[in-house]
Amino acid sequence: MASMFNEMSSAGVYAAVVAILLLLSLALPAVYNLYFHPLRAVPGPRSWVIFPLLRHYAAIAGTLDEQSRRFHVKYGDVVRTHPNELSFTTTAAWKDIYGPVANLPKVMVYDEEARNVFNAEDNAVHGRMRRVLNPIFSERGARSLEPTVKHYADKLFAKLAVYAKEDRYVDMTMHWNLTTFDIIGKLAFGEDFDGLANGRIHPWVKNIFDTFKILPIIIAVSEYPLLMRLMKALMPRSVAESREAHVAQSHDKARRRMRNESLKDSGDFMDTMMRAQGTEDELSVGEIMANSNILIIAGSETSATALSGIVYWLLRSPGALARVTQEVRQAFERDDEITMASTAQKVPYLLACIQEGLRIYPPGAGSIQRYVPSNETRVVDGIVVPARTKLGVHHSAAYTSSRHFHRPLEYIPDRWLPAASEVNSPFHGDNRALVQPFSVGARNCIGQTFARNEMRYLLARLVFRFDLLSLAPECAAWHEQRSFVIWEKSPLMVRLRERQ
Ligand code: HEM
């Protein structure tokens, strides 16, 4: 009896010791992070500093960006959203984190992926890839792609005309996506995704959207190496198979395009990359494939998102819609006068509408983070930041901040017109330099010139030919969306009419 009692008590002691150790392993980091960590003075949600899993849970649930916007309203221009993570909403932070002098390394997610211009850690590799791609993304390069954009624009507007004639609502989110994926597919792989032809999103493209939803899980788990290994071991075979199939399909498409002699000297993305063969900047076949892939992901969804947001906000702002429609119809007599070049000159209000769309609904909702390397400290916007801290400027929190913009939650293109800089303008104090939807520095968006050309061309042709009549009632609050790096866009149902 006594020995049984002794056994129980020693088992009890073990259990108590394990419980205390577990408690300490949770409590000690929390106490350190709250009271002794170098970032302890930076304001932010204490619960997220104590329980970092809450931050990851928000990302997995698609509410991280919405919560970040609220935290920035509550705590100010810098918020500690995790023990080792700061979110900023200032121009100084753009310079100190992303600017050419700071040039902090990017936080990467997929370690095993082939390197492309977006995920190349090595600055020399990144620089080589940028040099190869630069010509096609110059102003001249972008304009040389106009025939391809026109081809798909014609297809899009022919489809919209059918909806208009039948007086049916059309899902503009879907149609912008079909259009931009067809355009970029053609430029990268020499073949489109049959999107506009079939009226549905290609499985290859859908796979990309699905991957975005998994990213926050991978980011959360990557903080715990053991959990990462466990996740990989337990990952259903079907998930791995679907990813492998996606990669194999991309490689097939890229190989087909590389072998297609008829597209030699076509001046598309692939041609640009292949022209570097034999030079000291040459890309390997793997690098060409990886870059084709990333160009499709980075170059389609982003422009489609921006265009969807602009159409939505125009429909919610009848004054702006009437003014941009009138401007375009006065500037051009015929549809074929609308070009990438002519829209750069003749429709300043349309350019303001695009810029305001990028402010109020930036395609990247949150931030693409950088980190401070081991054994270094950096000063960001006056804050001394220790090694291994993740940092970012939060696009949507910055651009919708009342500290930086007058009437920030309203769509007001006038804030981008020259008159807004005059002292008597209510928008005089707007912090326009803060709006950097294409990011800043050596790793900013290489496709921004093409994107701006493409967006203003498509938008001008849309309002030239169609009256945008109304949004379906269920789309009244379309912009209230979750986000998983990209916004989770629901259908944007719009009624159109061909102009009389
Ligand atoms: C409205 C449209 C677009 C927006 C808002 C946008 C936004 C961005 C942002 C914010 C980054 C920088 C990420 C970072 O800081 O690390 C980026 C990078 C990039 N974008 Fe875009 N983008 C758009 C359109 C395009 C287009 C049309 C293309 C190509 C056809 C493109 C290709 C790329 C590439 C390749 C990178 C990686 C550049 C590098 O790391 O050196 N983007 N984009």
* Structure fact -> Here the gap from Ile136 atom CD1 to Asp268 atom CG, rounded to the nearest 0.5 Å, amounts to 7.5 Å
* Is the count of non-hydrogen atoms from other residues, nucleotides or ligands lying under 6.0 Å from Asn375 atom CG greater than 12? -> no
* Test Leu39 against Thr389 for side chain to side chain contact (heavy atoms under 4.5 Å, CB included), laying out the working first. => CA-CA 9 Å; Leu39 296 175; Thr389 307; 3.8 Å; yes
* Above 12 or not: heavy atoms from other molecules or residues under 6.0 Å from CZ of Arg403? -> yes
* Hey, does the side chain of Arg456 reach the backbone of Met340 with a donor-acceptor pair shorter than 3.5 angstrom? -> yes
* So, the side chain of Asp182 versus the backbone of Gly195: is there a donor-acceptor pair under 3.5 Å, distance only? -> yes
* Asked: Between Glu139 and Thr449, is a side chain to side chain donor-acceptor pair (under 3.5 Å) present by the stated rule, with each step listed?
  -> CA-CA 6 Å; Glu139 193 66 54; Thr449 304; 4.8 Å; no
* Report yes or no: does Ser138 contribute a side-chain atom to a donor-acceptor pair with the main-chain N or O of Pro135 at less than 3.5 Å? => yes
* Salt bridge Arg378-Glu376, side-chain N to carboxylate O under 4.0 Å -> yes
* Of all heavy-atom pairs between Leu358 and Ala306, which one has the smallest distance, and what is that distance? -> CD2-CB, 3.9 Å
* To do: State, yes or no, whether a side-chain contact exists between Ile297 and Phe212 at a heavy-atom distance under 4.5 Å.
  => yes
* Give a yes/no verdict on a cation-pi contact between Arg359 and Phe405, requiring under 6.0 Å between NZ or CZ and the six-membered ring centre and an angle within 45° of the axis. => yes
* Does Asp210 reach the side chain of Ile208, with side-chain heavy atoms less than 4.5 Å apart? -> no
* **Steps toward ring pair (Phe, Tyr, Trp, His ring centres under 6.0 Å) verdict (Trp94, His395)** => CA-CA 10 Å; Trp94 272 125; His395 289 279; 5.5 Å; yes
* For Trp313 and Glu356, what are the C-alpha separation, side-chain angles and deciding distance, and is it a side chain to side chain donor-acceptor pair (under 3.5 Å)? -> CA-CA 9 Å; Trp313 279 107; Glu356 181 67 346; over 6 Å; no
* To do: Could you pull out the closest heavy-atom pair between Gly357 and Tyr411, with the gap in Å?
  => N-CE1, 3.6 Å
* Asked: Below 4.0 angstrom, N of the basic side chain to O of the carboxylate: do Lys186 and Asp192 qualify?
  -> no
* Asked: Does a side-chain N-to-carboxylate-O contact under 4.0 Å join Arg128 and Glu287?
  -> yes
* Pair Arg443, Asn123: side-chain N/O donor-acceptor within cut-off below 3.5 Å -> yes
* Structure fact -> Correct closest heavy-atom pair for Ile296 and Ala188 would be CG1-CB, 3.9 Å
* Asked: Would you say Val149 and Phe450 make side-chain contact, with heavy atoms under 4.5 Å?
  -> yes
* Structure fact -> Value for OH (Tyr399) from NE2 (His394), rounded to nearest 0.5 Å, stands at 10.5 Å
* May I ask you to test the Val393-Thr90 pair for a side-chain heavy-atom distance under 4.5 Å? => no
* So, for Ser300 and Thr180, which heavy atoms are closest and what is the spacing to 0.1 Å? -> O-OG1, 3.0 Å
* Where Ala153 and Leu458 come nearest, the two heavy atoms and their spacing -> CB-CD2, 3.6 Å
* To do: Evaluate the ring planes of Tyr361 and Trp478, with Trp represented by its six-membered ring, and classify them as parallel (under 30°), tilted (30 to 60°) or perpendicular (over 60°).
  => tilted
* To do: Examine distances only and state if a side-chain atom of Asp96 and a backbone atom of Asp381 form a donor-acceptor pair shorter than 3.5 Å.
  => yes
* Yes or no on side chain to side chain donor-acceptor pair (under 3.5 Å) for Asn453 and Glu146, after CA distance, side-chain angles and deciding distance? -> CA-CA 9 Å; Asn453 273 286; Glu146 184 160 348; over 6 Å; no
* Is there a side-chain contact between Leu307 and Leu459, using heavy atoms and a 4.5 Å cut-off? -> yes
* **Ser342 (side chain) donor-acceptor with Glu337 (main chain) under 3.5 angstrom** => yes
* Side chains of Thr272 and Phe137 in contact at under 4.5 Å (non-hydrogen atoms) -> no
* Heavy-atom donor-acceptor pair, His428 side chain to Ser421 backbone, under 3.5 Å -> yes
* State whether Phe484 and Lys213 meet the cation-pi test: NZ (Lys) or CZ (Arg) under 6.0 Å from the six-membered ring centroid, and within 45° of the perpendicular axis. => yes
* To do: To the nearest 0.5 Å, tell me how far Arg415 CZ sits from Asp430 CG.
  => 5.0 Å
* Okay, side chain of Ser425, backbone of Phe427: is any donor-acceptor separation there less than 3.5 Å? -> yes
* Minimum side-chain heavy-atom gap Phe88-Leu391 below 4.5 Å -> yes
* Mind listing the closest non-hydrogen atom pair of Asp271 and Lys264 along with its distance? => OD1-C, 4.2 Å
* Verify, without hydrogens or angle tests, whether Thr279 (side chain) and Asp281 (backbone) share a donor-acceptor contact under 3.5 angstrom. => yes
* Looking at CG of Leu133 and CG of Leu283, how far apart are the two atoms once the value is rounded to the nearest 0.5 Å? -> 7.0 Å
* Is it true that Arg256 and Glu191 make a salt bridge, defined as a side-chain N closer than 4.0 Å to a carboxylate O? -> yes
* Looking at Tyr312, is Lys489 sitting on its ring face, NZ or CZ under 6.0 Å from the six-membered ring centre and within 45 degrees of the normal? -> no
* Under 3.5 Å: donor-acceptor pair, side chain of Arg69, backbone of Ser396 -> no
* Can you measure from CG (Leu196) to NE2 (His175) and round to the nearest 0.5 angstrom? => 7.0 Å
* **Cation-aromatic face contact Arg257/Phe189, 6.0 Å, 45 degrees** => no
* Asked: Is any side-chain N of the basic residue among Glu85 and Arg55 closer than 4.0 Å to the acidic one's carboxylate O?
  -> yes
* Ion pair check, Glu327 and Arg323, cut-off under 4.0 Å -> no
* Look at Arg461 together with Asp335 and state whether they make a salt bridge at an N to O cut-off of under 4.0 Å. => yes
* Can you find a pair of side-chain heavy atoms, one from Ile201 and one from Phe181, that are under 4.5 Å apart? -> no
* Say you draw a straight line from CG of Asn293 to CG of Asn116; how long is it, rounded to the nearest 0.5 Å? -> 8.0 Å
* For Ser308 and Met172, run side chain to side chain contact (heavy atoms under 4.5 Å, CB included): C-alpha distance rounded to whole Å, both residues' side-chain angles, the deciding distance at 0.1 Å, then the answer. => CA-CA 6 Å; Ser308 303; Met172 285 307 296; 5.7 Å; no
* Between Asn134 and Arg130, is there a donor-acceptor pair closer than 3.5 Å when you use the side chain of the first and the backbone of the second? -> yes
* Start with the C-alpha distance between Met270 and Leu263, add both sets of side-chain angles, then the distance that settles side chain to side chain contact (heavy atoms under 4.5 Å, CB included), and finish with yes or no. => CA-CA 9 Å; Met270 181 67 85; Leu263 289 173; over 6 Å; no
* To do: Assess whether side chain to side chain contact (heavy atoms under 4.5 Å, CB included) is satisfied between Phe332 and Lys346, documenting all intermediate values.
  => CA-CA 9 Å; Phe332 304 107; Lys346 297 180 81 169; 3.9 Å; yes
* To do: In sequence, state the C-alpha distance, the side-chain angles, and the governing distance for Trp487 and His479, and then conclude on ring pair (Phe, Tyr, Trp, His ring centres under 6.0 Å).
  => CA-CA 9 Å; Trp487 297 99; His479 69 291; 8.9 Å; no
